[in-house]
Amino acid sequence: MNIRELLTQKAQAAMIAAGLPEDTNPALTPSKRAGFGDYQINGAMGAAKKLKTNPRELAQKLVDNLELDGIASEIEIAGPGFINIHLNQDWLADALSTAREDARLGVSVRKNPQTVVVDYSAPNLAKEMHVGHLRSSIIGDAVVRALEFRGDKVIRQNHIGDWGTQFGMLLAHLSDQLAANEIAETALSDLEEFYRAAKKRFDDEEGFADRARDYVVKLQGGDEQCLALWQRFIDISLKHCEEVYEKLNVTLKREDVMGESGYNDDLANVVRELQEQGLAVEDQGAQVVFLEEMKNKEGEPMAVIIQKSGGGYLYSTTDLAAMRYRSFKLDADRIIIFTDNRQSLHFNQIQIVGRQAGFIREETTYEHCPFGMMLGSDGKPFKTRTGGTIKLAELLEEAVERAEKLMSERESDLSESEMKEIARKVGIGAVKFADLSKNRTSDYTFNWDHMLSFDGATAPYLQYAYTRVQSIFRKAGVDAATLTDNIKLEAEQEKALALKLLQFEEVVDQVIADAYPHFLCAYLFELASQYMSFYEACPVLKEGVEPALKNSRLMLCDLVGRTLKLGLDLLGIEVTQQM
RNA sequence: GCGCCCGUAGCUCAGCUGGAUAGAGCAACGGCCUUCUAAGCCGUGGGUCGUAGGUUCGAGUCCUACCGGGCGCGCCA
């Protein structure tokens, strides 16, 4: 159940009943301060302004028409025209009981599911995945999971970089290695090293550059042997990526791959059709679309090159082909693309060109969701001490090692293998949560000590809250599924927890609407934090707690545990029974 | 030069369609373990929201100018 949506509908109905225009925004939000109820309607003031009437009187009229019998225990008008809604505790308790019986915790499946194409991760297969791919991979994956959970049809698209001139030199080098009896897997075990070696030969070795260019031509010409060699390279490189996805708990699979090469056959069509429509014209030998919507420095239309003067295609061509494929072939209602924000201009241009050319259905939204860079603690792009790029696989290994080290410093009766498994979940979770919990649009400062300190808003804190729930049930020897009593909300901590639990759905919806996983992170931290307060203030299994109260509290614990698990799962973070 | 993003507590960050006294976490300081895992809880201090104007009942949020930082701007992606 989405309380916010429910109350918004009620408020809207009241506004219409009070004679306000149908499009009046009730501006209903969760109350920002204790004492102002649970939700507040702020729309009366805005509406009064438009109609030039007294806001308090209008608010009163609205309240008179507001039907919240059973839902609200008190509705009051405050200040210049705020309407504060206090929810009925019994209603909340009932809603919780209902939610508890549902595997989805009362989160409904969308009535009108959409088809959503999500383009994320998109590593360049010429090289190994590095930290630059982390954000796209995990932010995209979190959004994908949330969309699927709400019932949308999600089509993942891993737009890998598997095409382009650099593959000429890589294939030429690989061909030589194989000729020298090297095994492809071994030769490509370290892609960075392989790339460096190929690049060095390209720069230094006589004749090699020509051979590399020859390979590009053969590849693009569809030469079978060359394609087979290319496929071999792609397979091995992709396997490296899949190992990282596995470690990262990212859901991308082989069948989600739709790389640049997949659009190869359509690129000439894209250019031709743009020419036929008069959108693309020749300029300095290249095929260019001029955008009246965007002026450059001299006030002239900005140019988007869609075909190089030598006849080659660019990523703008590929992205246009991809747009058309996604909108028409995949029938997307939404196209969501996660890339770093340096590409914002590019995707703006693509959308303008694509819409003019009819490469995207009018109903399809085209949402470029940019994210900022990962910075080191010095505020500069996150690099190794020597200034090199940090391999993603190594970063993840370090996270697990650091978590292991921190765990070994504590007293514990866990076995070695249990510790290792927990360290893996904690280390990976820490890296992901630290990233996901920040607004994706701004740059983000990477800091090992912060994310693994185990203090504050971190994955380990949430995972620990989960283990506390599990621990209670272990100790109680009770199967949560067998609990049947009514939930009673008496202590402040219980009431706060109840409301928070029931806000899960609206948070998931927020994540989906704006592709912002940090809303869910903030929510889960607040939930865990409120559970910790509850845990301290409200004894469950201790002596003197009446059976009915004990059961009620156990049910709250159960709901917290399941909500944490589900929420973390939507973020791609694992939980553990013990820590 | 033009465009996009950013500037909020010492640090890392929230702040949703403009709303009530700008919030968290870390760090600092003070309490709380014979009691469900102290990887925790409770409390205290800390802010001219980059600057200056403007719009209005109301601005961190919208508009304008400026300052500071990042990124981008025809044949890489």
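Throughout, a chain's letter reflects where its sequence line sits, starting with A, and its residues are numbered from 1.
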I want to confirm an ordering. Mapping A:Gln578 and A:Ala522 to their closest nucleotides on RNA chain B, which one lands closer to the 5' end?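 Closer to the 5' end of RNA chain B: A:Ala522.
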
Assess whether one donor atom and one acceptor atom, taken from the side chain of A:Lys380 and the base of B:rG70, lie less than 3.5 Å apart.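 Counting by modelled atom types and ignoring angles, no donor-acceptor contact under 3.5 Å is found here.
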
Heavy-atom donor-acceptor pair, A:Tyr464 side-chain to B:rA39 base, under 3.5 Å: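 No such pair is found, so the answer is no.
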
Sequence neighbours excluded, every pair satisfying side chain to side chain donor-acceptor pair (under 3.5 Å) that has a member inside residues 450-464 of chain A: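 Checked against side chain to side chain donor-acceptor pair (under 3.5 Å) - neighbours excluded - the pairs reaching residues 450-464 of chain A are A:Tyr464-A:Arg468.
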
Watson-Crick or G-U stems involving RNA chain B, each at least 3 pairs long, distances under 3.5 Å, ordered by first number: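 Stems found: B:1-5 with B:69-73, B:10-13 with B:23-26, B:28-32 with B:40-44, B:50-54 with B:62-66.
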
Taking the six-membered ring for Trp, does A:Tyr461 stack with B:rA39 (centroid gap under 5.5 Å, planes within less than 30°)?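 It does not: the ring fails the test against the base of B:rA39.
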
Which letter, B, S or -, goes with each nucleotide of nucleotides 23-29 of chain B from 5' to 3', with contact meaning a protein heavy atom under 4.0 Å? SSSS---

By a strict heavy-atom criterion of less than 4.0 Å, which residues belonging to residues 549-558 of chain A are in contact with RNA chain B?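 Hits under 4.0 Å, by residue number: none.
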
List in chain and number order the residues that pass side-chain hydrogen bond (donor to acceptor under 3.5 Å, both in side chains) with A:Asp203, two or more places apart in sequence or in another chain; answer none if no residue qualifies.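 Scan of A:Asp203 (side-chain hydrogen bond (donor to acceptor under 3.5 Å, both in side chains), adjacent residues dropped) gives A:Lys199.
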
Stacked cation flag A:Lys438 on A:Tyr444, 6.0 angstrom / 45 deg: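 Judged by the rule (NZ or CZ under 6.0 Å from the ring centre, within 45° of its axis), A:Lys438 is not positioned above A:Tyr444.
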
Tell me, which pairs form a salt bridge (charged side-chain N to carboxylate O under 4.0 Å, His left out) where one or both residues lie in residues 27-56 of chain A, sequence neighbours left out?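 Not a single pair qualifies under salt bridge (charged side-chain N to carboxylate O under 4.0 Å, His left out).
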
Considering every strand and a 4.0 Å limit on heavy-atom distances, what is the contact class for A:Lys542: base, sugar-phosphate, or nothing?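 If one applies the 4.0 Å heavy-atom cut-off, A:Lys542 turns out to touch a base.
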
Taking any heavy-atom pair under 4.0 Å as a contact, classify A:Met532: base, sugar-phosphate, or nothing.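 Here A:Met532 touches the backbone only, sparing every base.
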
